[in-house]
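Being a predicted model, the structure only gives us computed values, none of them experimental.
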Amino acid sequence: MNEETKIKGIESGRAKFAWERVNKVVQQWKEEKDKKKLQEYKAYTKKIPMYIKTNGLGATLAFMLSKKDKEAYQKLGQQITEWLKQAPVQIIDLENANFKTLVEKIVSLNSSSYRALTIEVLAFLNWLRRFAEGLIED
């Protein structure tokens, strides 16, 4: 398997995982008739990548974790954690981890692992944003 094929496989895995997660959120909150959560989720999928680029991954995830009253932030944190647990390239050991554990582990990463994790999270969020924009109506 050449490098290009591997990259396409990883990217399609990311896309499939993101599609499933966004679709699940949309179905759940539509059943609950909670348009506010849907709009927040959609808005946060757009904002979080910029927060990461501006403040760093650790600070952004810590901010999201602190927003316990915002279910959309918590849902996104959970989805990021789930993706990193099963991502084809394992950068950090997250077996049996939750969102809080992810945030705790990030602070102890060396700089190259931190950069690699940041790139992976941004790539995953890119797919979440695309699907949120397509599935969540204004």
Side-chain angles (χ1 to χ4, degrees):
M1 180 181 288
N2 67 24
E3 201 63 30
E4 188 176 330
T5 306
K6 255 190 225 178
I7 291 169
K8 284 182 181 178
I10 292 170
E11 197 65 20
S12 67
R14 245 186 236 127
K16 181 178 185 287
F17 191 87
W19 167 261
E20 291 168 355
R21 294 313 179 271
V22 172
N23 204 28
K24 188 176 178 181
V25 164
V26 169
Q27 295 307 315
Q28 176 188 348
W29 288 341
K30 273 189 176 179
E31 284 176 18
E32 295 173 11
K33 296 184 181 357
D34 202 332
K35 288 184 180 181
K36 183 180 179 197
K37 283 183 191 172
L38 282 170
Q39 292 306 313
E40 285 178 348
Y41 181 87
K42 182 178 178 180
Y44 298 162
T45 61
K46 292 178 186 177
K47 291 178 183 179
I48 292 171
M50 189 52 65
Y51 291 164
I52 291 171
K53 290 173 185 174
T54 305
N55 304 310
L57 180 64
T60 300
L61 295 183
F63 167 77
M64 290 169 59
L65 185 64
S66 75
K67 297 294 185 185
K68 296 192 185 318
D69 59 329
K70 296 287 188 181
E71 194 173 341
Y73 274 128
Q74 300 308 308
K75 184 66 75 177
L76 282 164
Q78 176 188 357
Q79 292 171 335
I80 291 167
T81 305
E82 288 172 1
W83 169 249
L84 293 173
K85 279 183 185 180
Q86 62 92 58
V89 178
Q90 290 295 306
I91 301 164
I92 185 172
D93 178 26
L94 292 172
E95 191 174 335
N96 300 318
N98 58 23
F99 182 40
K100 182 180 178 192
T101 310
L102 170 63
V103 174
E104 291 169 356
K105 287 188 173 205
I106 283 176
V107 298
S108 64
L109 289 176
N110 63 42
S111 62
S112 63
S113 295
Y114 185 85
R115 279 192 302 276
L117 195 65
T118 300
I119 291 166
E120 184 59 39
V121 169
L122 287 171
F124 177 63
L125 285 168
N126 189 39
W127 282 107
L128 284 180
R129 178 189 49 80
R130 289 175 183 171
F131 292 132
E133 287 177 349
L135 293 174
I136 300 171
E137 302 163 7
D138 288 328

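To the nearest 0.5 Å, atom OG1 of residue Thr101 and atom CD1 of residue Ile106 are 11.0 Å apart. Note that CD of Glu40 and CG of Leu76 are 10.5 Å apart. Values are rounded to the nearest 0.5 Å. Note that OG1 of Thr54 and NZ of Lys47 are 13.0 Å apart. Values are rounded to the nearest 0.5 Å. To the nearest 0.5 Å, atom NZ of residue Lys100 and atom CD of residue Gln74 are 11.5 Å apart. Separation of atoms NZ (Lys67) and CG (Asp69) is listed at 6.5 Å; rounding is to 0.5 Å.
Both Leu122 and Tyr114 are part of a single hydrophobic cluster, where members link through side-chain heavy atoms under 4.5 Å apart. Cluster annotation: Leu109 and Phe63 are assigned to the same hydrophobic cluster (Ile/Leu/Val/Met/Phe/Trp/Tyr, side-chain heavy-atom contacts under 4.5 Å, transitive). Under a hydrophobic-cluster definition in which Ile, Leu, Val, Met, Phe, Trp and Tyr are linked whenever side-chain heavy atoms come within less than 4.5 Å, directly or via other members, Val89 and Ile92 are assigned to the same cluster.
Heavy atoms of other residues, nucleotides or ligands lying less than 6.0 angstrom from CD of Gln86 number more than 12.
In terms of heavy atoms, Ala72 sits closest to Trp29 at CA-CH2, 3.9 Å. Between Ala132 and Thr45 the shortest heavy-atom distance is CB-OG1, 3.7 Å. Minimum heavy-atom separation, Ser112 to Asn110: OG-OD1, 3.0 Å.
Side-chain contact between Leu61 and Ile80 is present, with at least one heavy-atom pair separated by less than 4.5 Å. Looking only at side-chain heavy atoms (C-beta outward), Lys75 and Tyr44 stay at 4.5 Å or farther from each other. You'll find the side chain of Thr60 stays beyond 4.5 Å of the side chain of Val121, heavy atoms only. Looking at Val26 and Val22, their side chains come closer than 4.5 Å, going by heavy atoms from C-beta outward. Inter-residue side-chain proximity for Lys46 and Glu133 is flagged as met; some heavy-atom pair is nearer than 4.5 Å. In this structure, Met64 and Tyr51 have side chains that are not in contact, with every pair of non-hydrogen atoms separated by 4.5 Å or more. Residues Tyr41 and Gln79 have side chains in contact (heavy-atom distance under 4.5 Å, counting atoms from C-beta outward). Inter-residue side-chain proximity for Arg129 and Ile48 is flagged as unmet; no heavy-atom pair is nearer than 4.5 Å.
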Stepwise, does the side-chain contact (heavy atoms from CB on, under 4.5 Å) test hold for Leu84 with Ile91? CA-CA 8 Å; Leu84 293 173; Ile91 301 164; 5.6 Å; no
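Checking side-chain atoms of Lys105 against main-chain N and O of Leu94 turns up no donor-acceptor pair under 3.5 Å. With hydrogens and angles ignored, the 3.5 Å screen pairs no side-chain donor or acceptor of Glu95 with any backbone N or O of Lys85. A donor-acceptor pair under 3.5 Å is formed between the side chain of Lys42 and the backbone N or O of Ile136.
Residue pairs meeting the side-chain hydrogen bond (donor to acceptor under 3.5 Å, both in side chains) criterion with at least one member in residues 18-27, sequence neighbours excluded, are Lys16-Glu20, Arg21-Glu82.
Comment: Arg14 engages Glu120 in a salt bridge, judged by a side-chain N to carboxylate O separation of less than 4.0 angstrom.
Using cut-offs of 30° and 60° on the angle between ring planes, the pair Phe124 and Trp83 is parallel.
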